[in-house]
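A note on names: the letters A, B, ... follow the listed sequences, proteins ahead of strands, and every chain is numbered from 1. Because the structure is predicted, anything quoted here is derived from the model rather than measured.
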Amino acid sequence: MSISKIRGCIGCGECVQACPTDVIRLNKSDVKAYIAYPDDCQMCHLCRMSCPVDAITISPEKSIPVIISWG
Amino acid sequence: MNNKSKLYYLVPCGIFYLAVPLIYMIVGDFPSRTVLKEILSLATVGAFFLFLGQFYLSRINTVTLKGQNYSKVVKLHKIIGYVCIPIIFLHPFFIVLPRYFEASLDPVDAFWLILTTFDSKGIILGLIAMALMILIGITAILRKRIHMKYKTWRTMHAFLSLAFIFVATWHAVDLGRHMDTFFSEYTIFMSSIGVVFLMRTYFFNNENKEKTHEE
Ligand code: SF4
Ligand code: SF4
């Protein structure tokens with residue numbers, strides 16, 4: 001998991017559109033984004049970059065380990 | 001009364017309306033961001049809490065300001081008002097300003113998106129609060145040019161401020177990135193103190209009502 005928090009969301013839905021792996025959903029009752037499938041996050045930062053109010057935090061410490069091909 | 005003791009009333013104001021919120025923002029468990037973003041957030045929250053403190057620093061506070069020189073208190077009230085209004089007015093720009101220095105959405109597009117997200121209760125409340133704040137500012141600056149008795153103007157100012165604080169507090173609790181349970185409750189509590197002062201003056205205390213309405 002890498003996307004960690006959404007705070008101060010205005011519910012514009014930009015991050016939902018931007019996420020390639022459908023991690024974020026919009027809660028219909030309070031019209032705010034929430035992290036629905038954190039394990040699917042690819043840390044592409046597209047959601048963070050598209051958020052107008054900078055509401056999304058992506059944990060820097062949870063980075064994908066570097067994968068080196070063997071042989 | 002010496003000068004030192006005259007300033008005692010400022011101590012609780014400084015602690016509860018400035019130090020506590022700012023310290024909580026600094027030491028609380030919030031995602032860390034760039035220095036610029038943190039400074040802009042501190043300025044916004046500081047200005048907002050000073051607005052809440054305006055009820056404390058006004059003639060309706062006949063509890064802790066008893067025996068104080070009201071003209072000095074009112075002077076401070078005006079200075080805080082005129083400093084905080086521009087900060088709060090600019091805070092939507094503060095949100096998008098750091099976007100000029102990072103790879104992300106264009107700041108102008110971000111700003112437009114914020115202003116046009118009418119599905120958000122927080123945005124609607126913010127726009128109403130902004131309109132009320134501008135109205136308060138304009139009627140305060142042009143007080144002498146408005147053909148209105150001082151007493152009437154002061155009542156209008158008090159109730160416009162009450163409406164502003166109610167809507168702005170709701171907006172802040174709904175959208176504030178630092179609004180966890182403690183901070184939300186603290187903000188609502190500090191706003192309620194102003195409401196209590198106002199209710200007490202205008203609805204429940206005839207003696208104070210007369211005093212407050214004196215020029
Ligand atoms: S970082 Fe990328 S994958 Fe992860 S939630 Fe954001 S857009 Fe989706
Ligand atoms: S882009 Fe930001 S403001 Fe818009 S829904 Fe996503 S988290 Fe909320």
Side-chain angles (χ1 to χ4, degrees), chain A residues 1-70, chain B residues 25 28-41 44-45 48 91-127 170-181 183-184 187:
Chain A
M1 183 178 112
S2 130
I3 181 169
S4 64
K5 271 180 190 140
I6 300 181
R7 276 174 179 271
C9 171
I10 59 169
C12 65
E14 290 293 310
C15 56
V16 180
Q17 300 286 328
C19 180
T21 51
D22 197 23
V23 170
I24 309 168
R25 292 286 170 93
L26 212 54
N27 187 331
K28 285 199 179 104
S29 58
D30 67 356
V31 200
K32 283 186 193 287
Y34 66 98
I35 306 164
Y37 303 103
D39 293 343
D40 292 344
C41 178
Q42 305 299 308
M43 286 177 301
C44 62
H45 288 246
L46 286 174
C47 55
R48 187 187 59 75
M49 290 197 287
S50 63
C51 178
V53 290
D54 198 19
I56 298 171
T57 306
I58 297 182
S59 306
E61 69 272 17
K62 289 172 183 161
S63 56
I64 291 176
V66 178
I67 299 167
I68 303 166
S69 60
W70 186 262
Chain B
M25 279 177 73
D29 180 25
F30 303 113
S32 62
R33 300 177 304 148
T34 62
V35 175
L36 174 65
K37 287 178 186 176
E38 294 298 348
I39 289 171
L40 293 174
S41 282
T44 307
V45 174
F48 173 69
H91 89 276
F93 300 98
F94 291 171
I95 295 168
V96 297
L97 181 74
R99 303 252 149 187
Y100 281 106
F101 312 107
E102 57 190 27
S104 60
L105 194 64
D106 178 70
V108 178
D109 291 345
F111 187 69
W112 187 243
L113 196 54
I114 293 171
L115 286 191
T116 53
T117 305
F118 298 122
D119 286 347
S120 166
K121 179 179 68 199
I123 293 293
I124 302 290
L125 289 166
L127 292 172
W170 195 354
H171 161 79
V173 169
D174 188 62
L175 286 188
R177 66 170 58 248
H178 296 90
M179 287 296 167
D180 57 12
T181 310
F183 211 32
S184 301
T187 308

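Under the side chain to side chain contact (heavy atoms under 4.5 Å, CB included) criterion, A:Cys51 pairs with A:Val53, A:Ala55, A:Ile56, not counting sequence neighbours. Qualifying side chain to side chain contact (heavy atoms under 4.5 Å, CB included) partners for A:Ala33, counting only residues two or more places apart in sequence or in other chains: A:Ile6, A:Cys9, A:Cys15, A:Ile24, A:Leu26.
Proximity to chain A (any heavy atom under 4.5 Å) is restricted, for B:Ile123, to the side chain, taken from C-beta onward.
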Heavy-atom donor-acceptor pairs under 3.5 Å, chain A with chain B:
residue : atom : partner  : partner atom : Å
A:Arg7  : NH1  : B:Arg177 : O            : 3.1
A:Lys32 : NZ   : B:Asp174 : O            : 3.0
A:Met49 : O    : B:Arg99  : NH1          : 3.4
A:Met49 : O    : B:Leu105 : N            : 2.9
A:Cys51 : O    : B:Arg99  : NH1          : 3.0
A:Cys51 : O    : B:Arg99  : NH2          : 2.9
A:Val53 : O    : B:Arg177 : NH2          : 2.9
A:Asp54 : O    : B:Arg177 : NH1          : 3.2
A:Asp54 : O    : B:Arg177 : NH2          : 2.5
A:Asp54 : OD1  : B:Arg99  : NH2          : 3.4
A:Asp54 : OD2  : B:Lys37  : NZ           : 2.6

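Of the inter-residue distances, the one linking B:Leu115 atom CG with B:Leu127 atom CG reads 6.5 Å to the nearest 0.5 angstrom.
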Check step by step if side-chain contact (heavy atoms from CB on, under 4.5 Å) holds for A:Val23 and A:Cys47.
CA-CA 10 Å; A:Val23 170; A:Cys47 55; over 6 Å; no
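Legend: salt bridge (charged side-chain N to carboxylate O under 4.0 Å, His left out) pairs involving residues 15-25 of chain A, not counting sequence neighbours, sorted by first then second residue: A:Asp22-A:Arg25.
Contact between B:Ile95 and A:Pro52 at its shortest, heavy atoms only, is CG2-O, 3.9 Å.
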